[in-house]
Structure formats: C-alpha cells, structure tokens
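Note: hydrogens, waters and symmetry copies are ignored here, and every other heavy atom, side chains too, is used. Just so it is clear, the model here is predicted, and its values are computed rather than measured. In the text below, chain A, chain B and the rest are named by the order of the sequence lines, each starting its count at 1.
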2 protein chains.
Amino acid sequence: MSFKKLDLFRGITISSDHKDPLYLQIYNEIRNAILKGRFKAGIRLPSPRLLSKIWSVSRSTVLLAFEHLIVEGYIETKPKSGTFVCQHIPDKYIEVQSENAVDDDLSEVKIKYSNQFEFINKRFREHRKLVDIPVPFRPGIPDKNVFPISKWRNASNSIYRTGLLESTKLPLGYSPLKENLKEYLTVIHGISCKTEQIVLVSSTQQALSIICDILLNSNDGVVIEDPGYIRVQSALYNAGVQVHPVPVDKEGLQIPSKNEFKKPPKLIYTTPSHQYPLGINMSLKRRFELLEYAKEANAIILEDDYISEFRYSGVPKTPLYGLDTGNRVIFMGTFSKLFSPALKLSYLVVPERLIEGFETVMSMIHRGPSIHDQATMSLFISNGNFQKHIRKVRKLYSEKRNYIIALLKKSLKGHIEIQKNNAGLHIIGWLPEGVSDLEVSRFMAENNIVVPALSSYTLKSIGNKGALLFGFTGWDIMTIEHKIEKFCLLYKEFLKGR
Amino acid sequence: MSFKKLDLFRGITISSDHKDPLYLQIYNEIRNAILKGRFKAGIRLPSPRLLSKIWSVSRSTVLLAFEHLIVEGYIETKPKSGTFVCQHIPDKYIEVQSENAVDDDLSEVKIKYSNQFEFINKRFREHRKLVDIPVPFRPGIPDKNVFPISKWRNASNSIYRTGLLESTKLPLGYSPLKENLKEYLTVIHGISCKTEQIVLVSSTQQALSIICDILLNSNDGVVIEDPGYIRVQSALYNAGVQVHPVPVDKEGLQIPSKNEFKKPPKLIYTTPSHQYPLGINMSLKRRFELLEYAKEANAIILEDDYISEFRYSGVPKTPLYGLDTGNRVIFMGTFSKLFSPALKLSYLVVPERLIEGFETVMSMIHRGPSIHDQATMSLFISNGNFQKHIRKVRKLYSEKRNYIIALLKKSLKGHIEIQKNNAGLHIIGWLPEGVSDLEVSRFMAENNIVVPALSSYTLKSIGNKGALLFGFTGWDIMTIEHKIEKFCLLYKEFLKGR
C-alpha cells in the first residue's frame, strides 16, 4: 500500500457524532469510493487493523463493515493475500458514477409520452390557465367559511376513539354510511335501493374509470355531453376508449341516431338534473328517449347528479335511475361540492347485476375514499349536522346567486344575456353573436378575472354563440360586487377595442 | 269525469303529516299514477277546485302541483276544455312501468365484461379464498395495537385547527410533508433529491396506473417479477398493457435476454430491497445489470421499496435510484405497512423530467391521498412521533419474527425449510419436492389457517418446489404459538393422507 493510497483512507472521517453507526459510515465511505472510481478494481485495501488505527475505531467495527461489503460484492478476500476491490463491478458502472455524470442520451431529457397523455396534457395546460386560479369567478370554489370544521373535527375525534382506522376490507364502502345514504337518497332524490347497491367512490373520474375497467374494451364507445366536464373528457380519453361527444339542446343531451356510430356505445355519461356546464334540466320526454336509446344499444348510463343539493327553486324531476326498468342506470351523487373538494367522497347506486364487478375492481385496482372520512360523514348524518349544513349552504349560495344575477342583469343589460337556472354553482352569461367567448375570457384572465369560456368545455364546435361562466360561491357579496364592476368596465373596453 | 275515474283521485291521500310539502305529494302521486299506467294518456283531470275539495287542500296548492306537471310534460292544458294527461309520453314507457316489470332481455342479467376484467376477476376470486381472511397467518396484517391512535388523533386535531381541508390544489402532495420526506429519504434510504421530485400517491397500484397513463400505449410491455404482488399483476393487466412476467433467482429479478420480447419493455417493476414475496435482496451485480438493461431498452424502472423500515439486521444496499445515472428510476416507499393499510399513503421520488407528466395526470385523472392525512403525517414526523413509532414497530415485529422462526424450525425440522431473510412481514417455508403448496394451503384454509401458497403469486410455472407464506405481524405470541402447533398437526396429517 503506497503512501498515496493510504491517504485515500486518511481522508475519510469516521465519527461517533455522525447519525449513522460507525460500521455503517465505514461501509458507506468505502462503497462510495469504489462507485465513484476513487478505489479502482483490484486494489488491495489496508488491513482492518491498520484502518482501525487510522480511524480510531475497534477492529471488529472495520470487520463488520468489510463483511457487508463482501456480501454485497464490492470487495473480496483472497486467502493469504488480503482484501481487494472486486473485479466484477464493471468499469463502465464505475465510470458513469463519476461526479454528476449522466447518460449522454438523456442530456436532452426527451420523453416519449403515451398517445392518450398528449390530449390530456394539452387540455390540462389550456384549462389551467383559465380555471385553475382561485380568483373570482372561478366556478366550483366553495365559500371559505362553509366547511363546518369544528363539528367535523368533533365527529372525526369520535371515530378515532372507535379505532376504526384498522378496518381496511371495505372495498365498497363503510356500511353505516351506506345505511344513512340509503335514507338520504329516498328523501333528496326519490331513489329507493338496497344498501348493497351503494358504493362509495372518490370522484366522477374514479367512477368512470371503474366502469371502463369492468365493462369496456378499447374499441368500445362512450357517449358524453358536449360541452361537458373537462375532467370527464380526460378520464375517458385516458381510459383509451372511443369518446363520442354529443351536442346538448334545450331538452338536454340529444339522442344520437341509430347508426351514428360504427357500433353502439357501451356507456353514456350524462348530467340530466343540471347539465354541466349549461345547467339544462333534461326534459321528461328526453329522459325516456335516452333510456330507450340505451336499451337498444345495451349501454350502461352513468347519471351524475352532482347538484341536487343546490337546487334553489322548482321540483326535481325523477332521476333516470327511477325511470329505468332495465337495470342500466348507475346513479351518482357527491359530497365534494357540499363540503369541500378536499373531501373526496361521492356515492353510486349500482344495479345489482354490476355489484360483483365493482367489488372485484375496487378490491384489486381502485381504492375507495378514506374509511375514516366515510365514518365521520356517517356520524355527521346521523347526528343531524349534515342536514343543518345543507340548509345553511343552500341559503348562503342562494343569496349570493340572487345577488350576482341582479348585478349582472343591471350592469350588462343588452350586452350579456343571463340564463336563469334552478340550480348550480355558476351563472351562464351568453355573449352577443360574433363575440368570441375565448377572447373575452383570455382578456379577463390577463386582468385577473377568471370567467371561463363555454367553448373551453366543448370538444366539437357548437356554433358561433359563446358564453361565460360566473362562479359565485367562493366569494363574499362585497367581492362579487367589486369584481362584477371591474368585469363590466373591462367588458365594455373589450367591445370597444374589437 | 266518471265516478270510477274520480275514485282514482279519492284513493290518493294527501296529508300535512307527510314529510313532503302538500304540493309535492300531489305532484308525486299524479306523476306516479301516469307512469304506472293508472292515468292513461289523454284522460281529463278533475278541476283543481274539485281536487282541492277531495284532498282538503287549497286550490293554489293543486295549481302549483299542476304547474310542475305541465312544465315537465306530464299533463297539458287545452283552452276551454281542461287539463289532460299528455299524449307524448309514449305508451310503451308507461306499460313497462307497471309494477315490478323489468326488460325481458335482462331477466337473466347477463353482463359482457371487458377483456381485462375476466383476468382480474379470476385472480380476485382465487386470491380472496386464500389470503383475504384476516386469520393467522395472513401476511401483511398489522398488529391491532400498533397504530398510535391517540397521538395520531392529536396531530389530526392540530391540522383541523389550521383549516387546511380547504386547500385542494396540491395534486403532487402537501409541501411540508415533502420537505420532511426529503430528509427521511436521506436517512433511511440514502437518497438525495429535490423536494419537487417527491410525489404522494395512495398505493403501488395508483403509481403503476399513473406511469402507464403518462408513458405507455396498449402495445407497450412491462416487466414484472414472477412471483410477485397479485395487485401489481392486476393493475397492469387492467391498464391493458403487455405484461411480461420474469423469473426471480437468488440474486433477484433475472435480466431478460436482448430479444426476449418483440419490442423492448417500457417499464420494469421491481422490489430489489426485499423481493415480494420471496424476500430476496437483489445483488449489487444484478442491480447494475438491470440498470444497463433498462438503459438499452430505454425503459423506466419503478423500484418499490415497501419494506426498508422492517429491516431487522444487515445493512441496506444502495437503491437502484442511487445507482442510476440515467434518470430512469422512480423510487417508491410507503407508510401503509408501517401504520395501517387504511392509511393510503405512499411516496415516489420521480426523475425531474417526469414531473410534468405526473402533474398533468394527477391533476386531471388521479387524485392523490387525503391532504389532511398528509398534513397529519407531516406533523407526526416533525414532532418526532414518527421515529418513535418506527422503532416501536420494528422491535415488536422483530420479536414476533424471531419467535415464529424458532417455533417453525423446532416443530417442522426436516419437513419444511425456513428461509431466513433480513426483513419483511412474513416468513417463507419451503416444502419438500413433490408436495404441492396449493394443496397444503387449501387444506389449511379448510381448517381456518391461512398460509398462502407461493404458487398463487406466480403467473408462469417456477418448477416443482412449493412454499408457504407465514405472516407473523397481526397476532400476539400466544396466538402464533397456538396456531403453529395446530398447523404442525394438520401438516403431518396432510402428509400422511397423501
């Protein structure tokens, strides 16, 4: 061992102040020195006795480190000659390990994305600019003060006391919550079902993904409403199925003609109680026609009723689920809009013949929402806090809604036509013909007002009438007033500048 | 209006004791009578004045109900003649609504499942029989008393007090937790990375699903270890990609030959620190070879280190992530095994060039774990309870492990060979040649002892040597002793009966 080689070891500090045990420090130092190429293959290591003196540690400590390095193939012992750095760690590994080196072919960091990713990434990047910023009037932002946090915390604590967190084998959801939901479904949606038909999921995307997993192959088609949820579009493109965007008229989703698609769709996604984002309540006639179409196609319908709790006037129509006689409709509701999108809690009512499929896929592939959250929600319903919360939220949002409608009508009369819906968390304002909603929306975004363009929810063109969405739930009356004023000034400026 | 027809209305009870308002009761009764075919299309309804007398309600209440029925298209008013049940609700809808009728073609309730579903359903139904029952010695069941519930509850409460639940736009995870994890990764795994590279996910399945969404098309291949996680196999079959099961030897995952697959795989899933379920720690040589193979294939590696916290002896080897120079390795760790599978919290270290893809897919398609749980975990780490918990769990499981190994060695010497690993939550017992692990496992299950057969984790045959898995974490020493005794008696009985 030359003086220079021994210096390599003298340069290493082994200290009992270090967080790792002594032997582990020695192990790491020698391993790194080998990998970084400082200790070349074939060199002989100093004896454990010598190293123990250099580092002021016991010989057995050095031996322990050596033992690990031998087991892992970094060093080897030859009888009567000593311990050597192994030959069989190929040079090239060691070379590329020299400080900060990376493969040449990665210097440009090119990635080949999947086919579906390109679509989703484009939608995400477009979408984000317009609607991902939590400033007025981004739709779907709950009022900061609406979440009943102290009551929720109390309920959560009661659940922790039961030790429920350990129960994991509830792929379809927590039974007491399902019992409570069963009753709730009757009261709010007029739906009667068995407890076993209720399945808890995290989101609409998860529901779609599960249904695709159970029933659809990549050449199968899915009918969706156009315009519609960007996340729904993305989830389906991502699932690799054939997406068929179908226009919406005043009665709701239009019924495709019999031979519109090469083969009949296997799934129809619809929001009949309050079409997203247009707010249309599907007519009874159309509901029957849609069920008839689904029957002929032998398709499943996912009826997403994300909004019934935010109905401010009028009587709800019977859901498709209630009109269906073919066990074809999966009904979906959600707590996310009522409480907080951070609470990822939605529920399905699944026809009995599909329960087995849900059980398999939710056991093997998907995981439902937190059992703790489900149990907390269940308690929240049974102690009455849930019902109180619904009333409070509905009243609060109803006031904000009336306020923003009055403001918009007063300020924009003749310029933007406000559409009055019975429900929802945003208002639709129709622009005069020839005014591009995308252009207005972009202009507003530059001025820190977020009014998403209807066109950005659309996959195919819907003619030249544009509209803007005004979310009203996330801000107080003062902010709404102030921002609508600003919007009006900017809008008039925009029209002049055209 | 004939006497008989009027009777239809007299048969309806409208009561102020009912949960619904009066007008809504009237609305529902008339709507149902139309849909069930009791009120035929075209019949004239009694006047609101007459009905208000029959039901003892005000005329305006009846008018309100009529108004809704008219809006929804159930009834229509003809000037000077009265109100009639609409013609345009087609007879067929009304007929099929007659009590309890369902479509004929559904009487047998046939479902056409997707291609991928058949595989997953079969695996689930097989798997469930053997390993889904929480009795000894099912692997992966945490000790009931291990979850530090009161400390966790306190941390959870502190988080509720911050009002964090509202923050929803954290698709890649809660930053303070990522900061804590960054430090933790250095200490436990010897990994250094930037905070932005850390991504919180719910599970291994979700991680695989995300990676497939970003990078893989349906004709792309994924190499997995065989035997391996049943849920990993399922997630990949479900994703519709080409699954390549590759055998495992004493050094870990075997390296496929250059032309083994039609085209090079795009993803390699591996558990190098403790192969699941065999417990093999991949040799250093093999680690380098695997990285070289991945480089040539231009594949991404998902390195699932689910177990480093349960290392009872020995020094961990450098993870693939630490040896990789090509930004090809995604490292994965989990809290689920350390705390509770109900806490769905795992983390990835993602090469920088893949962060954009994760951001898109986790914003648009997948949802990460509960932000509240992430924040609670973060607090748990920063207040030191996490580290205390790891030490406690490791000690507890280490004791159980030593105990079950001693018992098995003593009782089954010469009959079952116990494999000693440095880590893990189960013990592998190799059966003598010619003894079928599936048969033993089935026989034990009939006698309420769950010892999953190695073969049930295997996709392709691995020769005629079978083994059983003994999970030891979920039961106390007394139960382990009692059940091993029972197992030994049954095993000897089984061998005699062959």
Inset, instruction - Report the option among B/Pro142, B/Gly357, B/Ser283, B/Ser203 that has the most heavy-atom pairs separated by less than 4.5 Å from atoms of chain A. - result: B/Gly357
Legend entry - Pick from B/Arg31, B/Lys266, B/Arg287 with the largest number of heavy-atom pairs that fall under 4.5 Å of chain A: B/Arg31
Inset, instruction - State, without any angle test, whether B/Arg123 and A/Thr360 hold a side-chain donor-acceptor pair at a distance under 3.5 Å. - result: no
Starting at [atom1] of [X], measure out to [atom2] of [Y] and round the result to the nearest 0.5 Å.
X	Y	atom1	atom2	value
B/Ile365	A/Leu236	CD1	CG	9.0 Å
A/Ile159	B/Ile149	CD1	CD1	10.5 Å
B/Cys212	A/Asn238	SG	CG	10.0 Å
A/Asn121	B/Ser363	CG	OG	10.0 Å
A/Arg367	B/Ser336	CZ	OG	6.0 Å

Best-contacting candidate, [options], against chain B by heavy atom pairs under 4.5 angstrom:
options	result
A/His366, A/Lys112, A/Glu356	A/Glu356
A/Leu354, A/Asp213, A/Asn115	A/Asp213
A/Ile300, A/Val361, A/Thr318	A/Thr318
A/Ala239, A/Ser202, A/Ser156, A/Ser218	A/Ser156

Legend entry - Under 3.5 Å: donor-acceptor pair, side chain of B/Arg153, backbone of A/Ser158: no
Atom of [X], atom of [Y] and distance for their closest heavy-atom approach:
X	Y	answer
B/Met364	A/Arg231	O-CG, 3.8 Å
B/Phe117	A/Ile214	CB-O, 3.6 Å
A/Leu216	B/Ser114	O-CB, 3.3 Å

Legend entry - Worked check of side chain to side chain contact (heavy atoms under 4.5 Å, CB included) between A/Asn217 and B/Gln116: CA-CA 8 Å; A/Asn217 295 320; B/Gln116 68 275 12; 3.6 Å; yes
Check whether [X] gets within reach of chain B through its side chain, its backbone, both or neither, counting any heavy atom under 4.5 Å.
X	result
A/Ser234	both
A/Glu359	both
A/Leu215	both
A/Pro351	neither

Inset, instruction - Check whether more than 12 heavy atoms from other residues, nucleotides or ligands sit under 6.0 Å from atom CD of B/Glu183, and answer yes or no. - result: no
